[in-house]
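Notes to accompany the following structure.
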Amino acid sequence: MAVPQTKVELLNAMESGFVKLLTELASLPETLATTTDMEGHAKGTTMSVKDLVAYLTGWGELVLKWNRLRTAGEEPDFPETGYKWNELGKLAAKFYRDYDSLSYVQLLLRFETTHQELMSLVHSLDDGALYGRPWYGKWSLGRMIQFNTASPYANARSRLRKWKKQTSPRS
C-alpha cells in the first residue's frame with residue numbers, strides 16, 4: 001500500500017485497514033481473545049488478541065490526546081508522559097494494563113469508537129493541515145496519524161493471520 005499523501009488517501013487507508021482488521025477479529029472465537037501465545041510487541045514477549053486490540057486503542061487515543069493538547073496550545077510529551085521512543089515495548093505493556101479491566105467485547109467497542117474519533121479528526125482537517133507542514137519533527141500530522149492507524153492496522157492483521165495459522169490445530 002502506498003503511503004497516503006492526501007486527506008482522501010489517508011481516510012481510505014484508515015477505513016480500509018480498519019474494516020479488514022475487524023473482519024479478521026470477527027473470525028476469532030471470543031474464547032481465544034485472552035490466550036497469551038501471540039508474538040508480543042517487545043522482543044521475547046507474548047500477548048493476546050485482546051492485548052493487540054489494547055495496543056491499537058492506546059496508540060489511537062494517544063494521537064487524539066496529542067491533537068487535543070496541540071489544539072489547546074500545549075506541547076504533548078512524545079510518545080507519552082514517562083516514556084521515550086526507545087521504550088515502546090514498555091508503552092505497549094502499559095496499554096495492555098490500561099484496558100485490562102475491560103472485557104474483550106468492551107475493548108472492541110472502545111477501539112471502534114477511537115477509530116471513529118480519528119476519522120472525524122481527519123475529516124475536520126484539510127490537506128494543508130494534514131500534509132502541508134511538519135507537525136512533529138519532520139513528520140506531518142497526516143503521517144503521524146497514518147503511523148498510528150493504517151500502518152499498525154495492517155501489521156495487526158498480519159499478526160492475527162500468522163497466529164491463527166499457528167493455533168488452528170488447537171481450535
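What's counted below: heavy atoms across the whole structure, side chains too, no hydrogens, waters or symmetry copies.
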ring-ring contact (aromatic ring centres under 6.0 Å, His included) with Phe147: which of Trp135, Trp139, Trp85?
->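 It is Trp139, the one option of Trp135, Trp139, Trp85 that forms the ring-ring contact (aromatic ring centres under 6.0 Å, His included) with Phe147.
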
Measure the shortest side-chain to side-chain distance between Leu11 and Met119 over non-hydrogen atoms and say whether it is less than 4.5 angstrom.
->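 Of all side-chain heavy-atom pairs linking Met119 with Leu11, at least one is under 4.5 Å.
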
I'd like to know if the side chain of [X] and the backbone of [Y] have a donor-acceptor N/O pair within less than 3.5 Å.
| X | Y | value |
| --- | --- | --- |
| Thr36 | Ser48 | no |
| Lys50 | Asp100 | yes |
| Ser16 | Ala13 | no |
| Asn148 | Gly60 | no |

Between Trp163 and Leu52, is a side-chain contact (heavy atoms from CB on, under 4.5 Å) present by the stated rule, with each step listed?
-> CA-CA 12 Å; Trp163 175 76; Leu52 181 62; over 6 Å; no

Results of ring pair (Phe, Tyr, Trp, His ring centres under 6.0 Å) for Tyr104 - residues two or more places apart only =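 For Tyr104, no residue satisfies ring pair (Phe, Tyr, Trp, His ring centres under 6.0 Å) once neighbours in sequence are set aside.
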
What is the ring orientation for Tyr136 with Phe78, classed by angle as parallel under 30°, tilted 30 to 60°, or perpendicular over 60°?
->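 It falls in the tilted class, 30° to 60°.
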
Measure the acute angle between the ring planes of Tyr153 and Phe111, then classify it against the limits of 30° and 60° as parallel, tilted or perpendicular.
->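 The rings of Tyr153 and Phe111 stand perpendicular, inter-plane angle above 60°.
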
Minimum heavy-atom separation for [X] and [Y], please, with both atom names.
| X | Y | answer |
| --- | --- | --- |
| Lys65 | Glu80 | NZ-OE1, 2.6 Å |
| Met47 | Glu39 | CE-O, 3.3 Å |
| Gln5 | Val3 | NE2-O, 3.3 Å |
| Asp77 | Trp66 | O-NE1, 4.0 Å |
| Tyr131 | Lys7 | CE1-N, 3.9 Å |
| Ala129 | Asp126 | N-OD1, 2.8 Å |

Atom [atom1] of [X] and atom [atom2] of [Y]: how far apart are they, to the nearest 0.5 Å?
| X | Y | atom1 | atom2 | result |
| --- | --- | --- | --- | --- |
| Lys94 | Glu87 | NZ | CD | 13.0 Å |
| Leu62 | Asn67 | CG | CG | 12.5 Å |
| Asp51 | Leu56 | CG | CG | 11.0 Å |

Could you tabulate the donor-acceptor pairs under 3.5 Å formed by side-chain atoms of residues 21-33, not counting sequence neighbours?
from: Thr23; atom 1: OG1; to: Val19; atom 2: O; distance (Å): 2.9
from: Glu24; atom 1: OE1; to: Arg161; atom 2: NH1; distance (Å): 3.2
from: Glu24; atom 1: OE2; to: Lys164; atom 2: NZ; distance (Å): 2.7
from: Ser27; atom 1: OG; to: Glu24; atom 2: O; distance (Å): 2.7
from: Ser27; atom 1: OG; to: Lys164; atom 2: NZ; distance (Å): 2.5

Between Glu61 and Tyr99, do the side chains contain an N or O donor and an N or O acceptor separated by less than 3.5 Å?
->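 Yes, Tyr99 and Glu61 have a side-chain donor paired with an acceptor closer than 3.5 Å.
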
